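A short worksheet on the structure shown next.
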Amino acid sequence: MIKITFPDGSVREYKKGTTAMQIAESISPRLAQEVLAATVNDKVTGLQVPIEEDSTFKLHKWDDREAKQTFWHTSSHLMAEALQELYPGIKFGIGPSIESGFYYDVDSPEPITEADLERIEKRMLELARTDEPVECRSVTKREAMDTYTTKGDQYKTELIGDLEDGTITFYTNGAFTDLCRGPHLPSTGAIKAIKLTSVAGAYWRGNEKNKMLTRIYGITFPKKSMLDEYLVMLEEAKKRDHRKLGKELELFHFSQRVGQGLPLWLPKGAALRERLEGFLRSVQKEHGYQQVITPHIGMKDLYVTSGHYAKYGKDSFQPIHTPDEGEEFLLKPMNCPHHCEIYRVKPRSYRDLPLRFAEFGTVYRYEQSGELHGLTRVRGFTQDDAHLFCRPDQLKEEFKKVIDIVLYIFNVLKFNDYTAQVSLRDKVDREKYIGTDENWNKAESAIIEAAAEKGLKTIVEYGEAAFYGPKLDFMVKDALGRSWQLGTIQVDYNLPERFDLTYKGDDDQLHRPVMIHRAPFGSLERFVAVLLEHTAGKFPLWLAPDQAVVLPISEKYNDYAEKVSKFLNNHDIRTQVDDLNEKIGRKIRDNELKRIPFLLIVGEKEQEAGEIALRVQGEGDKGSMTMADFAAYVNKLVAEELDAARAVN
RNA sequence: GCUGUUGUAGCUCAGUGGUAGAGCACUUCCUUGGUAAGGAAGAGGUCGCGAGUUCAAUCCUCGCCAACAGCUCCA
């Protein structure tokens with residue numbers, strides 16, 4: 001007998017070899033119908049797998065991540081079964097579940113396009129209706145290898161080559177058997193709604209030197225209605241796409257004539273961006289930063305010294321030559337080398353440190369054309385950059401202060417769902433990095449400790465460090481769930497050495513400062529993009545390019561509207577007049593769609609009383625008040641928005 | 001950069017082997033209207049760019065450019 005411990009602490013006994021499904025049924029046959037996966041001793045498992053030892057045990061229904069992952073993983077096998085039937089000779093790479101759905105990478109003898117997805121879906125549904133059991137079988141490495149070598153399947157044999165004998169399992173649904181760790185649903189019948197979403201290329205094993213396989217993405221649900229809901233949700237998310245909103249709200253534009261990935265900021269976008277810059281500038285001033293300004297180009301040698309040229313030279317805009325070809329300059333791809341030169345302007349004392357040089361520095365990087373994406377990935381962008389030069393004993397404190405700034409800014413802008421990622425070296429591929437192990441270890445532990453002392457919940461990613469040092473990155477998701485790095489804080493022992501930066505210590509000796517690179521927004525471009533998607537264009541009041549618009553009932557009141565607008569602008573409220581020759585209903589509609597926070601309607605009544613009739617975006621009519629009262633009200637709201645965030649921090 | 005899809009008016013899109021259409025936006029006129037689209041008229045396009053096939057190409061073929069999805073990359 002084996003003892004099974006449930007989450008509520010209760011313990012029951014079962015025969016050895018009892019499956020998770022049987023346990024679910026023993027608790028309640030009705031419950032068992034909804035259960036999709038189980039966690040046994042902290043490992044997610046299929047319901048059909050026998051349990052051989054005492055275990056802690058938890059069942060998962062649809063809402064659990066574990067259940068969805070199992071469901072989608074089985075769905076990918078179901079798709080493979082259909083593909084195997086429809087495309088004889090097809091070979092399979094890997095087919096995992098992902099955050100929303102699943103994919104399978106295949107090498108098909110004939111091309112598979114979006115047009116084929118419907119018939120694959122159809123076949124999947126037919127197969128699912130037969131409710132085939134999914135069976136698990138342990139095999140030896142030899143047996144596994146033989147199965148695929150006879151088929152001439154280079155992909156699966158390569159995968160098996162990396163596995164340990166004794167840990168290998170095959171899963172079978174219908175005519176399809178796959179090398180797979182599981183877990184899976186007990187049978188395919190639970191899959192009731194299927195949508196194959198897209199086809200794309202993907203390199204085998206994620207290496208661009210390998211063959212490109214066809215990746216088919218899909219998502220499935222236990223109910224048709226859930227699929228419909230999902231598709232509606234996707235449509236809604238697309239409406240929040242910053243590229244769409246940027247166009248609708250006239251914030252930015254890309255011109256083919258200017259060039260790929262080179263955004264033009266339109267007046268409203270520029271206004272928004274300037275407010276963000278002004279806000280950060282004032283926060284940084286409070287924290288002892290000094291603004292500096294550096295040019296957009298620098299001698300190639302500058303980047304050879306920094307090490308950036310060796311690493312990224314070939315992926316940069318190519319050098320600009322002087323007319324006599326005597327000298328080469330690069331468009332500035334980062335600001336750090338310039339700031340290092342500012343440090344070198346004069347001898348520094350330990351008393352001067354930390355020094356904090358900040359700049360809204362525009363940089364240019366020749367990103368791969370396929371990588372460009374709205375404002376989130378561009379070829380010319382402005383970093384809210386700063387470089388801090390400190391003594392080694394100041395490093396941790398300085399780092400923690402930067403974390404404070406980042407968190408404060410995220411708070412003000414209500415980015416609560418960020419992930420803090422500690423980006424460390426790749427443990428294996430040391431070639432990618434410069435500098436000594438000793439310095440790397442110091443830098444990495446400084447970040448880990450500072451984050452821990454700040455109580456930040458972090459995830460650790462290896463191989464995500466910059467080539468000169470580890471990072472603490474703040475990742476935020478866009479409307480469609482794609483993750484973007486916004487804020488970043490990096491520790492660097494390398495550039496100070498490469499630029500031979502020194503300070504005189506209290507021992508009268510020269511010492512090496514440590515450098516912190518940091519950018520709370522990351523770049524203004526990407527930050528505005530993510531902000532747009534988070535707010536759906538309804539910016540916080542203090543940030544909105546236009547805060548209020550005055551709508552005269554008819555042209556007779558245009559003069560009064562101008563007067564109101566002037567009054568409010570004099571009271572720091574960004575106000576326009578909509579004097580279009582249209583009915584009031586029309587003007588309300590236009591300006592609601594522009595996401596203007598306050599609509600101020602003025603007609604005969606208001607003109608006589610010196611008032612405005614207030615309408616709040618998305619909330620409708622709020623009645624009348626005097627101009628002065630409205631101005632006071634708005635100014636109070638703006639102040640509260642900023643104070644509230646400060647208080648939370 | 002790679003694989004695939006797309007490219008028609010400022011925007012959103014329809015359409016055809018015989019050189020183009022809608023709605024919105026724009027201009028003018030009428031209207032002066034009280035809380036999410038008032039009416040009429042007008043103007044606007046080398047159908048992404050370049051070649052090829054054809055009597056004839058916006059439509060078919062090829063190349064390039066750009067956008068989109070994914071992969072790879074991201075100082």
Side-chain angles (χ1 to χ4, degrees), chain A residues 98 103 105 111-115 197-217 238 241 243-244 247-248 250 253-257 259-261 303 306-313 315-316 332-337 363 365-374 376-378 383 385 423 434 464-469 471 473 480 482 484-485 488 490 492 495 517 519 522-523 526 551-558 581-593 599-606 613-618 620-624:
Chain A
I98 51 178
Y103 65 80
D105 284 346
I112 300 174
T113 67
E114 306 250 344
T197 45
S198 67
V199 184
Y203 300 110
W204 167 238
R205 310 205 94 177
N207 186 332
E208 67 179 323
K209 296 200 173 64
N210 288 342
K211 178 166 177 176
M212 185 165 266
L213 305 180
T214 304
R215 177 170 293 180
I216 306 174
Y217 285 90
K238 278 185 192 153
D241 189 311
R243 292 165 297 191
K244 188 172 155 65
K247 204 178 273 182
E248 286 172 8
E250 296 182 15
H253 176 72
F254 288 93
S255 154
Q256 264 198 55
R257 209 174 286 199
Q260 253 188 314
Y303 306 99
S306 72
H308 287 100
Y309 189 80
K311 187 86 182 163
Y312 298 107
D315 307 319
S316 296
K332 171 167 83 173
M334 79 292 301
N335 304 300
C336 8
V363 297
R365 298 177 182 177
Y366 191 74
E367 304 287 1
Q368 296 181 26
S369 61
E371 259 317 322
L372 300 172
H373 182 98
T376 51
R377 195 82 184 267
V378 286
Q383 296 178 314
D385 212 355
S423 303
I434 59 168
E464 293 293 313
F467 75 93
Y468 51 74
K471 311 188 283 177
D473 293 326
L480 287 173
R482 291 174 290 217
W484 297 96
Q485 177 203 305
T488 181
Q490 313 172 358
D492 184 0
L495 288 191
H517 309 238
S523 81
R526 186 177 284 178
L551 312 182
I553 294 280
S554 83
E555 291 180 342
K556 279 188 260 173
Y557 312 104
N558 280 359
N581 176 11
E582 283 291 352
K583 287 182 153 175
I584 194 67
R586 171 52 178 273
K587 293 196 209 184
I588 287 170
R589 181 184 151 80
D590 286 353
N591 289 288
E592 284 275 346
L593 290 175
L599 310 190
L600 313 178
I601 292 147
V602 296
E604 193 180 353
K605 265 187 295 180
E606 289 75 16
L614 175 63
R615 204 189 142 100
V616 176
Q617 205 272 338
D621 192 0
K622 296 282 179 187
S624 296

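In this text, all values refer to a predicted model and were calculated from it rather than measured experimentally. Labels below follow one simple rule: chain letters A, B, ... track the order of the sequence lines, proteins then strands, and each chain is numbered from 1.
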Are OP1 or OP2 of [N] and a side-chain N or O of [X] less than 4.0 angstrom apart?
| X | N | result |
| --- | --- | --- |
| A:Tyr312 | B:rA75 | yes |
| A:Arg243 | B:rA67 | no |
| A:Arg482 | B:rA69 | yes |
| A:Thr113 | B:rG4 | no |
| A:Arg589 | B:rG38 | no |
| A:Lys332 | B:rA75 | no |
| A:Gln490 | B:rA75 | no |
| A:His373 | B:rA67 | no |

Backbone of A:Tyr217 reached by a side-chain donor or acceptor of A:Ser198 within 3.5 Å |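 It does not hold such a pair.
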Please report, rounded to the nearest Å, how far the [atom2] atom of [N] is from the [atom1] atom of [X].
| X | N | atom1 | atom2 | answer |
| --- | --- | --- | --- | --- |
| A:Glu208 | B:rG70 | CD | P | 18 Å |
| A:Leu372 | B:rG70 | CG | P | 14 Å |
| A:Lys211 | B:rC71 | NZ | P | 20 Å |
| A:Asp105 | B:rU3 | CG | P | 16 Å |
| A:Ile216 | B:rU3 | CD1 | C1' | 13 Å |
| A:Trp204 | B:rU3 | CH2 | C1' | 17 Å |
| A:Arg215 | B:rU3 | CZ | P | 16 Å |
| A:Glu367 | B:rC71 | CD | C1' | 16 Å |

At less than 3.5 Å, do the side-chain atoms of [X] and the base atoms of [N] form a donor-acceptor pair?
| X | N | value |
| --- | --- | --- |
| A:Tyr557 | B:rG33 | no |
| A:Gln256 | B:rG7 | no |
| A:Arg377 | B:rC73 | yes |

Checking base pairs now: Watson-Crick or wobble, both atom distances under 3.5 Å. What partners [N]?
| N | answer |
| --- | --- |
| B:rG18 | B:rC55 |
| B:rG34 | none |
| B:rC62 | B:rG50 |
| B:rC73 | none |
| B:rC68 | B:rG4 |
| B:rU27 | B:rA41 |

Any ion pair linking A:Glu604 and A:Lys556 (charged N to carboxylate O, less than 4.0 Å)?
->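 Salt bridge absent between A:Lys556 and A:Glu604.
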Return the 5'-most residue of the pair A:Glu114, A:Ile588 with respect to RNA chain B, ranking by each residue's nearest nucleotide.
->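 Nearest-nucleotide comparison on RNA chain B picks A:Glu114.
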Looking at B:rC30, B:rU35, B:rA75, which one has an atom nearest to any side-chain atom of A:Met334?
->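 Nucleotide nearest to A:Met334's side chain: B:rA75.
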Shortest side-chain distance from A:Met212, nucleotide among B:rA75, B:rA36, B:rC2 =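 Among B:rA75, B:rA36, B:rC2, the one nearest the side chain of A:Met212 is B:rC2.
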Of the non-hydrogen atoms in A:Glu592 and A:Val616, which two are nearest, and what is the gap between them?
->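 Closest approach of A:Glu592 to A:Val616: OE2-O, 4.0 Å.
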According to the interplanar angle, ranging from 0 to 90°, do the rings of A:Trp484 and A:His373 count as parallel (below 30°), tilted (30 to 60°) or perpendicular (above 60°)?
->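 Rings of A:Trp484 and A:His373: tilted, 30 to 60°.
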A:Asn207 near the nucleic acid: base, sugar-phosphate alone, or nothing, with a heavy-atom cut-off under 4.0 Å?
->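 It contacts nothing in the nucleic acid.
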Sugar-phosphate only, base, or nothing, as touched by A:Glu248 at under 4.0 Å among non-hydrogen atoms =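 Result for A:Glu248 = nothing.
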Contact list (N/O, under 3.5 angstrom) for nucleotides 12-15 of chain B vs protein:
unit_1	atom_1	unit_2	atom_2	d
B:rU12	OP1	A:Lys247	NZ	3.3

Nearest-angstrom distance, C1' atom, B:rC55 to B:rG17 |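 Approximately 12 Å lies between the C1' atom of B:rC55 and that of B:rG17.
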Report the C-alpha distance between A:Val199 and A:Thr113 in whole Å, list the side-chain angles of each, state the deciding distance to 0.1 Å, and finish with yes or no for side chain to side chain contact (heavy atoms under 4.5 Å, CB included).
-> CA-CA 6 Å; A:Val199 184; A:Thr113 67; 5.9 Å; no
